[in-house]
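All chains are named by letter (A, B, ...) in the order of the sequence lines, taking the proteins before the strands, and each is independently numbered beginning at 1.
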Amino acid sequence: MYNELVMDHMLNPRNVGELADADGAGEARSASCGDVMKLYLAIDDGVITDVRFQTYGCGAAIASSSIATELIRGKTLDEAWYLSTHDVVNALGGLPEAKEHCSVLAEDAIRAAINDYLARNGLPARETAAGTCSDCCRHDDGSCPGPEKR
Amino acid sequence: MYNELVMDHMLNPRNVGELADADGAGEARSASCGDVMKLYLAIDDGVITDVRFQTYGCGAAIASSSIATELIRGKTLDEAWYLSTHDVVNALGGLPEAKEHCSVLAEDAIRAAINDYLARNGLPARETAAGTCSDCCRHDDGSCPGPEKR
Amino acid sequence: MRAENERPVYMDHAATTPVRPEVFAAMVPYFSRFFGNPSSLYTFARESREAVEEARGRVAAAIGAEPAEIYFTAGGTESDNWAIKGASAAHRRGGGHIITSSVEHHAVLHTCQHLERQGFSVTYLPVDGYGRVDPGAVADAITDRTCLISVMSANNEIGTVQPVAELGKIAREHAIPFHTDAVQAIGSVPVDVDVMNVDLLSLSAHKFYGPKGIGALYIRNGTEIENLIHGGAQERKMRAGTENLPGIIGLGKAIELAAADIEGYTRRIGGMRDRLLAGILDAVPDVALNGHPEMRLANNLNISFRYVEGEAILLLLDAHGICVSTGSACSSGSGEMSHVLTAIGLAPEMARGAVRLTLGDANTDDDIDYVLDVLPRVIERLRSISPLAPPCGDREGT
Amino acid sequence: MRAENERPVYMDHAATTPVRPEVFAAMVPYFSRFFGNPSSLYTFARESREAVEEARGRVAAAIGAEPAEIYFTAGGTESDNWAIKGASAAHRRGGGHIITSSVEHHAVLHTCQHLERQGFSVTYLPVDGYGRVDPGAVADAITDRTCLISVMSANNEIGTVQPVAELGKIAREHAIPFHTDAVQAIGSVPVDVDVMNVDLLSLSAHKFYGPKGIGALYIRNGTEIENLIHGGAQERKMRAGTENLPGIIGLGKAIELAAADIEGYTRRIGGMRDRLLAGILDAVPDVALNGHPEMRLANNLNISFRYVEGEAILLLLDAHGICVSTGSACSSGSGEMSHVLTAIGLAPEMARGAVRLTLGDANTDDDIDYVLDVLPRVIERLRSISPLAPPCGDREGT
Ligand SMILES: Cc1ncc(COP(=O)(O)O)c(C=O)c1O
Ligand SMILES: Cc1ncc(COP(=O)(O)O)c(C=O)c1O
């Protein structure tokens, strides 16, 4: 049911663990299925220089977490913030339809970790309220406008 | 679906044909399925000494006709009159349930031939009206009381 | 008479066919080796899953459909039940009205009668003397409550091919879902769901040298239909039950073979059939071919022998090792007269004297010769017992 | 890790089983040689007809029934659908009320939900922490509109065996037809329709080393039931459709073998199962066995691993060639939580960490050793990724 890339990230997840001296850390939980992801970021001059994660969840959740860490390493906070679940699913070469919602976890954890970093540095939190991609995708209505339209 | 005895009577029917100088002849038709049987009797001193038949109908009809001619040969008119469809079916070792009604034809033809004989000899016809075995069996309600109870 | 141990001369291919060796060979690995449940997630079951999808693709390709429009069932009967009950429930308007023909298989007719007991009304269209439905009659029968039209592609008793494409066009114009029972058509006439304008199509593997107990229902994308069998999420939640894996593989292989050689098959079988018919007409007086002279399945002969009864013919032929049927196999033994022969207006005595001979792979030219030797004698024999037949000398042609 | 080409260690026998060689051998002649339609009248079809009746006799003998009480279907799902829809329609009183349990297979539950949409009301009885229905609760749930009680013989996920005989007795006292889904029970526990007081019983061949796509419904003489599949006169006019001849033969052979060796089979399989359980409990902390410790099928283990998710375990085991399932195969991939584990009151995090290992003929003592080697490492691995698991040193037992 999963493609080879997903299976590879599932069986050999990249960047597993914690960062003792993380600059930002965030946790995301899926209300619907109980998946949990913790993300740790090392940030230098607005760029993510290192990243670790821990995930409790199905194969899709673990693989999404793993590839998301690869996608945001070396990226600016802005780029990372706008990493959508679509990007994650695309990078994995697709997920079964019933499993697409699992990739939302990574997006949520990234935003939580970035906001944690902002808070630690006395900066205002970014908005993750309704209307953002994260939300529309979580609601699975396929109406995500993409970052440029937001 | 038919047993071997039925098949034998079907494939090698006994007493097929006409009797040119029959003492009595009768025809029976099944209203429900269109089967037709003609029966020719040679009668000597109240005893059936020879018999021939022609039947249009399914395997069960032909086999019933054939065995019925065997059963009445050498019998008195009275015995032949009371030959029931049950006797015919039993003599054949049974018929499929859906086919049991086909044996009624023989009973009807025997009675018609006997009444024809009686008429030719100026004797009153016997009753074949409602209430006789022939009728109850034709109606397939399994309520035939057997000759002794009639 | 033939020796006891000789193989029978099988001329009942419309009842069922033997599984082709290539089909059986394709099925074998899926009983005990790649036996995994296609719904399971592990790699071992991938072989099953992929084989099922490959088979689905083959079925789709054979009838011009998309793989996602093919749903596997346990056979033609389940497909017919599902199409008719499921689509008429989903499209019901008001009381619900179904149009079908009076010559359908019992799988359609008895299902429609069941729905009548549930409050639907059903129009059973008459047919002409050849068994053809008049497209005009379908158009006239449509009401604003009509929720389904179901007319078979080809008849199982007399082989008559229906003007399905025309009927489908009318249904489409009225936006009414159109189902066809193509159980007898697959492999014998080209079947394409777009050309035929059908929304639902039933097929059954054992009629074209596939295994018994497996069939499919084609459901055009967008056609609403309720489930018939509820349970697990198999077949995209449309038909529950662990997939009949070897059956599905066998269906896929059989339909691929059947669809690939319709022309060669019908030429081969049709040639034998025509010779058989000519020989019978030549040798036996007082006979009539039932169904359409040309618009009929290449394998089908349905012939009425006046003065004799079909079952009796069947049994005498059987004694010579020849397998034929009277009417459809299903109603054999029930003693009822064929509803199809009644619908084409046959007089009872002709309907009762009808025998169906359906040719197929199992037959050879020798078989034709053999039947042409035996059948006339069997008819002659039965006529000699029959009180209806005129004495020999009086008969036409003798 | 094992070599790529090694056979998988198959521990998902509750999902499906391979066809036994003897069963396959019994089926083979009926595909292409004795392929006659059992409903046909000629001698050639007698072999088919007799083989079907012999198989019917074998099924009957295996469950203590009369041959005339056995009807062949396309599998457990169709049998469940037929029993529930057919009997509740025939026995409907007033609105119609059905009693079932909350741990039934989807073939029962989704059918009941369908009937709710048709106006029936359904009581889904709760179960205790082991998954057992309380007979007292059944008695309490009965109303004067109750037209059917349906409780499975043994659960497919957690293997819990129900007190069917007691339930059947209560049903009988109230003259309500009683159905049991014995799909998982056949071959693993003695099944006798009289001892169990059942009127309707579903079974499916592929769960006991028979072929997929064939099952049966036992209908006690005198139990009223409407048809599910309408059409031809097969199965004494109760279930239409050309008989799945090889499937029926396979079912007959498989059930004969299964019923003949329940004791030996369960001793063999149960012994391996017990060793596997002991080994897992020994090697892995924070686990719990789901279902009843004794009143469970001999082949079944359902274990919750805290802090990790079942599908992830399944995939990692699969990478080592071990085939297991999470919940029932049907709901795999749907992401929904098992209704059975929910019904026994498992906390979500334990329910999500559940894995089912079901043993069978395919397994050897080596397989047990192998799983006991791999599984603990897989769990350890996943826990090392999990944010929920306490750091290694803090864990119970390490
Ligand atoms: C035209 C037609 N429809 C439906 C069926 C039913 O198919 P099955 O017996 O495979 O269920 C048959 C054959 O029996 C048939 O000839
Ligand atoms: C308890 C139970 N009932 C019913 C079924 C359905 O049987 P089948 O898949 O053969 O239709 C299954 C298995 O899938 C089962 O385990």
Full working for side-chain contact (heavy atoms from CB on, under 4.5 Å) between Leu315(C) and Ile62(B): CA-CA 11 Å; Leu315(C) 293 171; Ile62(B) 293 173; over 6 Å; no
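Note that CD1 of Ile385(C) and OH of Tyr56(B) are 13.5 Å apart. Values are rounded to the nearest 0.5 Å. Once rounded to the nearest 0.5 Å, the distance linking CG of Leu316(C) with CE of Met10(B) reads 4.5 Å. The distance from the CZ atom of Arg381(C) to the CG atom of Asn12(B) is 6.0 Å, given to the nearest 0.5 Å. Distance check: Glu309(C) CD to Asp35(B) CG gives 6.5 Å after rounding to the nearest 0.5 Å.
Per-residue heavy-atom pair counts under 4.5 Å with chain C were compared for Cys58(B), Ala60(B), Gly34(B), and the maximum is reached by Cys58(B).
Between Ala312(C) and Gly57(B), the shortest heavy-atom contact is CB-O, 3.7 Å.
In Tyr130(C), the OH atom is not crowded: 12 or fewer heavy atoms of neighbouring residues, nucleotides or ligands sit closer than 6.0 Å.
For the pairing with Pro387(C), the side chain to side chain contact (heavy atoms under 4.5 Å, CB included) check across Glu27(B), Lys38(B), Glu18(B) returns one residue only, Lys38(B).
A donor-acceptor contact shorter than 3.5 Å links the side chain of Glu311(C) to the backbone of Gly59(B).
Neither the backbone nor the side chain of Ala61(B) comes within contact range of chain C; no heavy atom of the residue lies under 4.5 Å from a heavy atom of that chain. At a 4.5 Å heavy-atom cutoff, the contact between Val36(B) and chain C is made by backbone and side-chain atoms alike. Contacts of Leu11(B) with chain C are made by both backbone and side-chain atoms, with heavy-atom separations under 4.5 Å.
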